[in-house]
Amino acid sequence: MISEKPRVRFAPSPTGYLHVGGLRTALYNYLFAKHNNGKFILRIEDTDRNRFVEGAIDNLVESLKWCGLEYDEGPGSSDKFGPYLQSQRLHYYKTFADELIEKGKAYYCFCTPERLDKLREEQQRLKLPQAKYDKHCLHLSKNEIDENLHKGLSHVIRLNVEADKKIIFNDIVRGQVEFNSNNVDDQVLIKGDGYPTYHLANVVDDHLMQITHVIRGEEWLSSTPKHVLLYDFFEWEKPIFAHLPLLLNPDRTKLSKRQGDVAVEDYRKKGFLPDALVNFVALLGWNAGDDKEFYNMDELVEKFSLERVNKSGAVFDLEKLNWLNSEHLRQKPDLELLQFLKKEAQKLNINFQDFSDDYLLKIINVMKERVIFINEYFTKSKFFFEAPNAYEQAAIDKNWKSETPDELNKLCEAFAALMDPAKEDFEKALTITAETLNIGKGKLIHPLRLAVSGLSVGPGVFDILFILGKNESIKRIKTALHKIKKDDH
RNA sequence: GGCGCGUUCGUCUAGUGGCUUAGGACGCCGCCCUCUCAAGGCGGAGACCACGGGUUCGAAUCCCGUACGCGCUACCA
């Protein structure tokens, strides 16, 4: 029987980066494991030597870690179930393939790629419903096989699939799925180079590593009959299967590089929080059955269940990711944002020495509700870090009247008289000035905003004034008075 | 072509036979708040539940068929 504590694995091939679809698969495995007090295992399926990518594993592990998915067993962990790289487990696959040959459930095949190509062509020409290997080498005599082996002929080992058998298995997401063995090819189990194919390796390792639940992408559903056959031939207990729906491009094709970013590191570079990415990806194919959409990892672990995974593919929609990012950003304590801000400044090569934590914290306080990404603290409120050197033309046209300079000068006088002003003091001074001049406050506020920030949008002006301080504010107003007069016309 | 899987607002989804004139979220539009922009509050447009047949007193929900989409069809995973 399946033990109470599940053991699940995320088994990517190391292609060089973590695909967001892979992240979703990894996440569901992780959530399922943690929800049930089980183990989350990372196994590297590196049995294709042609696809070897230097540093791919480190990159994969790094991306998983960034997302908060730490594995219990995997590369680098010394556990009795290791090693966790399939390229280091070759002896297992060979041993078990031999066992299958002895049982008559697999056989040597010496067919050349040329013959296989020709066979396939022929089958296509005849419009045969299913292109399959013709079991040519199954009928080799023991002597012929030994002779070929002695001669060192290149060979593979194939699965011996019996005709006219129903292959039925249960899938948590899809229910009962049924195949006819006539549609299952005599799959290569061990390749010419001695490496196993995915099909053999994944079954052997899942068994050896005592994997209880195979949670993987829907693209594997069609080859699951081969795996079921292998479990049966070995007389091993089958794991429980759960095939996840695919992640799609906006045009509903399988999510691909061509139509946008697919690597987790791309989203990291763009400034997304791991919390937001994880939250977003979790909701692509799963929900708890209620209206909740904002989750942190702990809540996901608590609520997740495979039974509530959807069947149909989900489009990866950036709009919602953006929204979640702003929500998660807003959720962060100010002190944490301060650290993010400093890190971002380093990345953008902005000199931060002149700005105290206290100053930055004030900026965070007023900008928090206005940013989706950390870097927007700089792109949207650059004026906190340097005086504006240009002023929005549309705002000049709209709010900078001929009487404005005189009015702003009066305002400067009022500001200059203030002693260590708080936000409210600036506001009071402005109100009084407006009353004295007998004009509406807006006549002062809009040009003022433009003068101190160069922009027509942003936090409240009095917040800006307070953060900038009296002297800097007055200096900027004077500069604007000078520049806008000159630049005008 | 064969086999398999899927199909509820533009997108993510709720819905497991009567509670549904199909609910929420993102996005979009409008109003309120307001010094601007956000945030927030309120409201709106937006889904003949792919289509066609059944079953049932009653179906988005069960069954069958069709269409469309996607996946697999390698000595790739």
Side-chain angles (χ1 to χ4, degrees), chain A residues 11-15 45-48 50-51 86 109 111 113 116-117 120 123-124 127-132 154-158 171 173-175 177-180 182-185 187-199 201-202 216-225 243 245-246 248 250-254 280 283-294 310-324 326-327 330 366-372 380 395 399 427 430 440-450 453 455-462:
Chain A
S13 63
T15 54
E45 311 250 335
D46 57 348
T47 55
D48 185 355
N50 300 322
R51 284 217 206 169
Q86 290 188 325
C109 171
C111 289
L116 260 22
D117 285 346
R120 208 169 293 132
Q123 287 174 336
Q124 257 168 18
K127 290 213 173 6
L128 250 52
Q130 172 81 17
K132 287 198 311 182
S154 173
H155 62 276
V156 302
I157 296 175
R158 284 182 183 276
D171 185 288
V173 176
R174 279 144 223 290
V177 185
E178 189 178 319
F179 288 82
N180 187 302
N182 294 345
N183 294 311
V184 179
D185 200 2
Q187 181 67 48
V188 169
L189 264 20
I190 301 277
K191 298 182 266 188
D193 62 7
Y195 277 64
T197 57
Y198 170 86
H199 307 285
N202 121 80
R216 81 232 297 190
E218 190 189 324
E219 68 266 32
W220 294 108
L221 192 60
S222 297
S223 39
T224 304
H243 287 94
L246 262 24
L248 310 173
D251 68 358
R252 303 204 77 86
T253 53
K254 189 177 169 184
F280 176 61
L283 258 19
L284 254 28
W286 171 87
N287 78 85
D290 53 27
D291 288 340
K292 188 173 166 64
E293 303 216 76
F294 184 92
N310 294 146
K311 296 174 171 64
S312 52
V315 173
F316 196 88
D317 173 32
L318 272 318
E319 296 280 14
K320 198 150 191 172
L321 214 205
N322 285 339
W323 171 71
L324 276 171
S326 63
E327 289 291 307
R330 213 165 290 153
V366 297
M367 287 302 290
K368 218 177 175 174
E369 305 282 292
R370 286 165 238 264
V371 301
I372 295 177
K380 285 191 168 176
N399 297 316
E427 185 162 9
L430 184 136
K441 288 202 284 185
K443 292 270 291 179
L444 288 172
I445 286 176
H446 294 292
L448 176 59
R449 165 187 301 285
L450 189 65
S453 74
L455 303 174
S456 62
V457 299
V461 249
F462 304 112

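So you know, we letter chains A, B, ... as the sequences are listed, proteins then strands, and number each from 1.
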Check step by step if side chain to side chain contact (heavy atoms under 4.5 Å, CB included) holds for A:K320 and A:E293. CA-CA 11 Å; A:K320 198 150 191 172; A:E293 303 216 76; 3.2 Å; yes
Considering only the C1' atoms, how many Å lie between B:rU8 and B:rG46, rounded to the nearest integer? 13 Å
Given the C1' atoms of B:rC28 and B:rC68, what is the spacing between them in whole Å? 28 Å
For A:D251, what residues pass the side chain to side chain contact (heavy atoms under 4.5 Å, CB included) criterion, not counting sequence neighbours? A:N249, A:T253, A:Q259
Under a 3.5 Å limit for both distances, which nucleotide forms a Watson-Crick or G-U wobble pair with B:rG18, could you say? B:rC57
Outermost nucleotides of RNA chain B that come under 4.0 Å of a non-hydrogen atom of chain A: B:rG1 to B:rA77
Here's a test of your reading of the structure: between A:S223 and A:T253, which maps to the more 5' nucleotide of RNA chain B? A:T253
For A:G217, which contact category applies under a 4.0 Å heavy-atom criterion: base, sugar-phosphate, or nothing? nothing
Partner residues of A:F316 under the ring pair (Phe, Tyr, Trp, His ring centres under 6.0 Å) criterion, sequence neighbours left out: A:Y267, A:F280
If pairing requires Watson-Crick or G-U wobble contacts with both distances under 3.5 Å, which nucleotide is the partner of B:rG65? B:rC51
So which nucleotide does B:rG2 pair with, by the Watson-Crick or G-U wobble rule with both distances under 3.5 Å? B:rC72
With A:R174 via side chain to side chain contact (heavy atoms under 4.5 Å, CB included) - residues at least two apart: A:D171, A:V177, A:E218, A:L221, A:H243, A:P245, A:K311
Residue list, ring pair (Phe, Tyr, Trp, His ring centres under 6.0 Å) with A:H446, at least two apart or on another chain: none
So what's B:rG40 paired with, Watson-Crick or G-U wobble, going by both distances under 3.5 Å? B:rC32
List for me each residue that meets side chain to side chain contact (heavy atoms under 4.5 Å, CB included) alongside A:A314, sequence neighbours excluded, and say none if there are none. A:L284
Between B:rC9 and B:rA14, how far apart are the P atoms? Round to whole Å, please. 12 Å
Separation of the C1' atoms in B:rG40 and B:rU34, to the nearest angstrom: 12 Å
A:K380 NZ to A:M367 CE distance, which is reported to the nearest 0.5 Å: 6.5 Å
Using atom P of each nucleotide, how far apart are B:rC19 and B:rA59 to the nearest Å? 11 Å
When A:N287 and A:K441 are each assigned the nearest nucleotide of RNA chain B, the 5'-most assignment goes to A:N287
